[in-house]
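For reference, the structure discussed in these notes is given below.
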Amino acid sequence: MSYPAECTPADGASTLSFENELYEQRREKLKQIEALGYAAYPNSFAFTHSVAKIHAEHGESTSEALAESKPPVLASGRLQAIRRQGKAGFCDLVQAGQRIQVYVRKEAVGDNAFELYKLLDLGDSLGVTGYIFRTRTGELSIHAESLTFLAKALLPMPEKWHGLQEVEARYRQRYLDLLSNAESRNIFIVRSRVIQALRTALDREDFIEVETPMMQPMPGGALARPFVTHHNALDLTLYLRIAPELYLKRLIVGGLDRVYEISRVFRNEGLSTRHNPEYTMLEFYQAYADYRDLMNLTERLIPEAARASIGGTIVQWGETQIDLAKWTRYSLREAICVFWPEESSRPKFADFNDPRHTALVVERWNQMNPGASPVSMPIVEGNASLGGAVAVPLGNSVLHLFEAVCEKHLTQPTIIYDFPVEVSPLAKNKPDEPAYVERFEAYIGGMEILNAYSELNDPEEQRKRFQMQAEAKERGDQETHPIDEDYIRALSYGMPPTAGEGIGIDRLVMLLTGSRSIRDVILFPLLRPEAAPEAAPEDGAGSGE
RNA sequence: GAGCCGGUAGCUCAGUUGGCAGAGCAUCUGACUUUUAAUCAGAGGGUCGCGGGUUCGAGUCCCGCCCGGCUCACCA
């Protein structure tokens, strides 16, 4: 193995020192186990029964029936508890989250295996050959007839009763979290089932799964700052994708009428309980459909994923219960009126079509919420920069107002539809109201879970939208959509009417598992590196920051 | 980026007014052939996140830094 020079671990710089007394004791035991004739790191153990299978087959069997048939099994797992009692003893074997007790009796396993038993530590892997029985207290157990040593835990496991509690350790050493906290293990099983359920549903609806570039010469499909990398052979700057959207729609142009992709996107932005720099999106596109079709599909898809992953649609979210099968729909402007907290100043729907009226509503809101950061004012003649704050296009202002007024109220599943065109550069205009587009987002638990729209397929309108983005960039907007000529070319060959949707899988899993932090549903969330290098590695060339 | 909270034995956590560094589990030694958070008797184990300062004396008080959590801001 070789490292690029800049990645070579500096001499001993990040050596974690874990070789303490307990480690040495266990190394010594491993030597003794070898001396007994057991391989220290054997290659395999062919068990006949998973622990789950033992419980499935014999969970109902009586002591008498088992004493008669003595069903033979080969089982394996990791030692979670050891209770020694002189010339016999018990231990608990855990495999795939399931536990089975093993009874080890000196005269049943022989002297050599009993010596091995005495050298075992919590965390060791063990194979057991024996038969199923029930103990005096009725617990289903394996009566061991021989033991096979499988692997040593040289480092001690977390405490058996409380598990691993320290949040930082749970993220950095997820394997320990998974071993000692059943809830954590369950979260990732739910996560897998959610993804599986979404795949199954989309496959059934004749979508095909595709893979599009993660490294893109131009980052598009969303408004976010990208990670930058470089391809040496082509001497080419590449960006980790912030969304697969524009590639998936090229496939729609190519006649793959229903496509989806489940994979990581990367956004070079802040971390929070709802944001990780890399996260998982499901995006799907359906030709000859519009956003109404996707609203209906979404309201079927989410409950289906819930039933498949947690067996129902009701989830506990903090103090409240959420039913993922019960949906409400509001247009964005309607939602502002509905959730406006004060009767006397409640705005009217039509106010948001006129920047002067909207300005009055925003002003009122900002007066009502002096502590909060103010919602930006829409551009009205002559106020382009009033009082230091920069005025923004009407649509941006309306969106900001929606977020300030409504977002925290959107706990139960809610579809918010019809977004301002200024903030939706890839969505199709409403036929009767060109300042708004056929776009919706779904909010659950106060979080934006998904975003969907009727796709803009007019290449000339698309070019105008990109140009609007370029102007926003001129004004200093950091996160704008670049002009993607190749995408406009693809649209120019003709894209059928199409609707597309992106679902944030991580946030969906948060809801389904009651997790309040996105880090609890990502196996290895981004953290600052642990071992702070004593001496900074020799840093010749300037770093690219 | 700001505020608040946290970092003490392998793990979970106490630590009083500044006065010898503690418990449970785990580990080690011994006893124990149906226990199950096994039990009983004994023992070992600490860079109190890191670096300064105040003090006769600092886990504790002060300053700086590192790592993490939460809230807010930024961002969408």
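No experiment lies behind these values; they were computed from the predicted model shown.
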Practice prompt. Is it possible for you to check whether R439(A) lies under 6.0 Å from the centre of the six-membered ring of F419(A), through NZ or CZ, and within 45° of that ring's axis?
Written response: yes
Practice prompt. Send over the distance from H162(A) NE2 to A26(B) P, rounded to a whole Å.
Written response: 12 Å
Response to the item:
E21(A) CD to G44(B) P, in whole Å, measures 11 Å
Worksheet item: Should K249(A) and L426(A) count as side-chain neighbours, where that means a heavy-atom distance under 4.5 Å?
Response: yes
Worksheet item: Where along residues 166-186 of chain A does a heavy atom fall under 4.0 Å from RNA chain B?
Response: E166(A), V167(A), E168(A), Y171(A), R172(A)
Worksheet, complete the sentence: Ranking A37(B), U27(B), A73(B) by distance to the side chain of L22(A), first place goes to U27(B)
Worksheet item: Hey, does S373(A) reach any base, or is it just sugar-phosphate, or nothing, if we go heavy atoms under 4.0 Å?
Response: sugar-phosphate
Worksheet item: Hey, does T280(A) have a side-chain heavy atom less than 4.5 Å from the side chain of I262(A)?
Response: yes
Practice prompt. Could you please name the option among U35(B), U34(B), U27(B) that lies closest to any side-chain atom of Y103(A)?
Written response: U34(B)
Fill in: Partner set under ring pair (Phe, Tyr, Trp, His ring centres under 6.0 Å) for F90(A), not counting sequence neighbours
Y103(A)
Worksheet entry | Donor-acceptor pair (no angle test) under 3.5 Å: E403(A) side chain, A76(B) base | yes
Worksheet, complete the sentence: For A2(B), the nucleotide meeting Watson-Crick or G-U wobble distances (both under 3.5 Å) is U71(B)
Worksheet entry | Pairs flagged by salt bridge (charged side-chain N to carboxylate O under 4.0 Å, His left out) wherever residues 80-96 of chain A is involved - sequence neighbours left out | R83(A)-D92(A), D92(A)-R99(A)
Worksheet entry | Pair partner, A23(B) [Watson-Crick or wobble, under 3.5 Å] | U12(B)
Worksheet item: Which nucleotide, A38(B), U34(B), G69(B), lies nearest any side-chain atom of L527(A)?
Response: G69(B)
Worksheet item: Which of these nucleotides, G44(B), C75(B), A26(B), is closest to any side-chain atom of E269(A)?
Response: C75(B)
Item to complete: Can you tell me the pairing partner of G42(B) across any strand shown, Watson-Crick or G-U wobble, with both distances under 3.5 angstrom?
Response: C28(B)
Discussion item. Checking contacts here: which listed nucleotide (A38(B), U12(B), U27(B)) is nearest the side-chain heavy atoms of E159(A)?
Written reply: U12(B)
Fill in: Base U35(B) paired with Q101(A) side chain (donor-acceptor, <3.5 Å)
yes
Worksheet entry | Euclidean distance, atom CZ of residue R99(A) to atom P of A37(B) [Å, nearest integer] | 9 Å
Worksheet item: Rounded to the nearest Å, what distance is computed from the CZ atom of residue R528(A) to the C1' atom of nucleotide C66(B)?
Response: 9 Å
Worksheet item: When you check the phosphate oxygens OP1 and OP2 of A26(B), does a side-chain N or O of K160(A) lie under 4.0 Å from one of them?
Response: yes
Worksheet item: Given that both distances must come in under 3.5 Å, which nucleotide forms a Watson-Crick or G-U wobble pair with U55(B)?
Response: none
Fill in: Rounded distance in Å - NZ (K118(A)) to P (U29(B))
10 Å
Fill in: With sequence neighbours excluded, residues passing ring pair (Phe, Tyr, Trp, His ring centres under 6.0 Å) with F524(A)
none
Worksheet item: To the nearest angstrom, how far is F524(A) atom CZ from G68(B) atom P?
Response: 17 Å
Practice prompt. Remember a base hit wins even if backbone is also touched, and classify L399(A) as base, sugar-phosphate or nothing at under 4.0 Å, heavy atoms.
Written response: nothing
Worksheet item: T273(A) side chain: which of U34(B), C67(B), C70(B) is closest?
Response: C70(B)
Worksheet item: Does any pair with a residue in residues 109-128 of chain A pass side chain to side chain donor-acceptor pair (under 3.5 Å), and if so which ones, sequence neighbours excluded?
Response: K29(A)-D121(A), E115(A)-K118(A), D121(A)-K152(A), D124(A)-K152(A)
Discussion item. So I242(A) and V265(A), do their side chains get closer than 4.5 Å, heavy atoms only?
Written reply: no
Worksheet item: How far apart are the closest heavy atoms of N20(A) and L22(A), and which atoms are they?
Response: OD1-N, 3.1 Å
Discussion item. Just to be sure I understand the rule, does G163(A) reach a base, reach only the sugar-phosphate, or reach nothing, if contact means heavy atoms closer than 4.0 Å?
Written reply: sugar-phosphate
Item to complete: Quickly, which of I187(A), D520(A), L508(A) forms a side chain to side chain contact (heavy atoms under 4.5 Å, CB included) with T513(A)? Name it, please.
Response: I187(A)
Item to complete: Measure the distance from CG on L155(A) to P on G10(B) and round it to the nearest whole Å.
Response: 11 Å
Discussion item. Using OP1 and OP2 only, check whether a side-chain N or O of K29(A) sits under 4.0 Å from C28(B).
Written reply: yes
Response to the item:
Which of U34(B), A73(B), U12(B) is nearest the side chain of Q165(A)? It is U12(B)
Discussion item. Please give me every residue in residues 78-87 of chain A whose heavy atoms get under 4.0 Å of an atom in RNA chain B, ordered by residue number.
Written reply: R83(A), R84(A), Q85(A), G86(A), K87(A)
Fill in: Test: K70(A) cationic atom under 6.0 Å from Y131(A) six-membered ring centre, within 45° of axis
yes
